[in-house]
Amino acid sequence: MGDVKQYSLAEVRSRRGTNGQPLWIVYKDAVYDLTNYLDEHPGGADTILEEAGQDATSAFDDIGHSSDARVVLQKYKIGEIIEEEKRFDANGKKKKKVVAVKPDDKPTSRSCLGVITCGLLG
Ligand code: HEM
């Protein structure tokens with residue numbers, strides 16, 4: 001547990017395969033070093049280059065990669081995103097955005113909503 005490396009999104013962003021840097025991407029809060037996979041990718045190097053240094057979760061999922069592709073991906077895993085910046089919970093579900101609620105909020109928005117609700121009902 002303790003020996004999984006943790007990286008910030010900022011650190012991943014600085015690894016885009018340019019200037020002698022490796023090429024990292026994020027997939028579901030895990031970090032992958034694809035520097036040596038670029039030229040082997042059946043979908044071409046360009047598609048991966050476009051995601052360099054970024055979260056490629058939706059790009060990867062949207063094209064409908066096979067389960068084989070997911071196995072390949074595991075070979076290149078180098079670590080995980082730091083806890084504070086993770087987008088998925090322990091069950092692999094997308095975390096809900098936490099919206100801070102100010103306790104001293106004036107009830108203006110609520111009365112607005114009341115007007116709309118009353119308008120709809122009445
Ligand atoms: C992140 C690591 C990635 C790995 C390990 C990976 C792996 C693979 C593999 C094994 C295939 C062969 C088909 C299959 O098994 O599904 C494939 C195809 C493909 N990949 Fe990826 N892929 C990655 C990222 C991406 C990204 C970010 C894109 C961008 C949209 C992409 C676009 C494609 C396309 C378009 C094909 C189809 C190629 C064809 O059928 O001619 N891949 N990928």
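As the structure lists them, so they are numbered: ligands from 1, and atoms in each ligand from 1.
Looking only at heavy atoms of the protein, atom 3 (C) of ligand 1 is closest to Phe60 CE1, 3.5 Å. Of all protein heavy atoms, the one closest to atom 11 (C) of ligand 1 is Pro42 CG, 3.4 Å. With hydrogens left out, the protein atom closest to atom 29 (C) of ligand 1 is Thr47 CB, 3.6 Å, a heavy atom. Looking only at protein heavy atoms, the nearest one to atom 35 (C) of ligand 1 is Ile63 CD1, 4.1 Å. Of the protein's heavy atoms, Ile25 CD1, 3.3 Å lies nearest to atom 1 (C) of ligand 1. Ranking protein heavy atoms by distance to atom 37 (C) of ligand 1, first place goes to Gly43 CA, 4.1 Å. Looking at atom 2 (C) of ligand 1, its nearest protein heavy atom turns out to be Leu73 CD1, 3.3 Å. From the protein, the heavy atom lying nearest to atom 27 (C) of ligand 1 is Glu51 CG, 3.5 Å.
Annotation: angle subtended at atom 21 (Fe) of ligand 1 by His41 NE2 and His65 NE2 is 180°, to 10°.
When non-hydrogen atoms are compared, ligand 1 lies under 4.0 Å from neither the backbone nor the side chain of Tyr27. Contacts between Asp62 and ligand 1, counted as non-hydrogen atom pairs separated by less than 4.0 Å, are absent for every part of the residue.
When each of Tyr76, Phe88, Phe60 is tested with Tyr27 by the rule ring-ring contact (aromatic ring centres under 6.0 Å, His included), just one qualifies, namely Phe60.
Close approach of ligand 1 to Ala59 is summarised as follows: ligand atoms under 4.0 Å from at least one heavy atom of the residue are 30 (C). With ligand atoms numbered from 1 in the order given, ligand 1 contributes 1 (C), 2 (C) to contacts under 4.0 Å with heavy atoms of Leu34.
Counting heavy atoms from C-beta outward, Ile25 and Val12 have side chains that stay 4.5 Å or more apart. The shortest distance between side-chain heavy atoms of Tyr32 and Tyr37 does not fall below 4.5 Å. The shortest distance between side-chain heavy atoms of Thr35 and Arg15 does not fall below 4.5 Å.
Environment of NZ in Lys94: sparse, with no more than 12 heavy atoms of neighbouring residues, nucleotides or ligands closer than 6.0 Å.
Asp89 places a side-chain N or O within donor-acceptor distance of the main-chain N or O of Asn91, the cut-off being under 3.5 Å. Side-chain atoms of Glu85 come within 3.5 Å of backbone atoms of Leu9 as a donor-acceptor pair (strictly under, hydrogens ignored). The closest donor-acceptor contact from the side chain of Asp55 to the backbone of Thr57 lies under 3.5 Å.
Distance check on atom 13 (C) of ligand 1: every protein heavy atom falls at or beyond the 4.0 Å cut-off. Protein heavy atoms are found inside the 4.0 Å sphere centred on atom 43 (N) of ligand 1.
For the pair Tyr37 and ligand 1, a heavy-atom separation below 4.0 Å is found.
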TODO: Before giving the answer on side-chain contact (heavy atoms from CB on, under 4.5 Å), spell out for Lys5 and Val31 the whole-Å C-alpha distance, their side-chain angles and the decisive distance to 0.1 Å.
DONE: CA-CA 9 Å; Lys5 284 212 169 186; Val31 181; over 6 Å; no
TODO: Go through the steps to decide whether Glu80 and Asp29 satisfy the test side-chain contact (heavy atoms from CB on, under 4.5 Å), and finish with yes or no.
DONE: CA-CA 6 Å; Glu80 285 175 6; Asp29 295 335; 5.9 Å; no
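Here the straight-line distance linking atom OG of Ser8 with atom CZ of Arg13 works out to 7.5 Å at 0.5 Å rounding.
Which of Ser66, Ala69, Gly64, Ser58 comes nearest to atom 16 (O) of ligand 1 through a heavy atom is settled by distance: it is Ser66.
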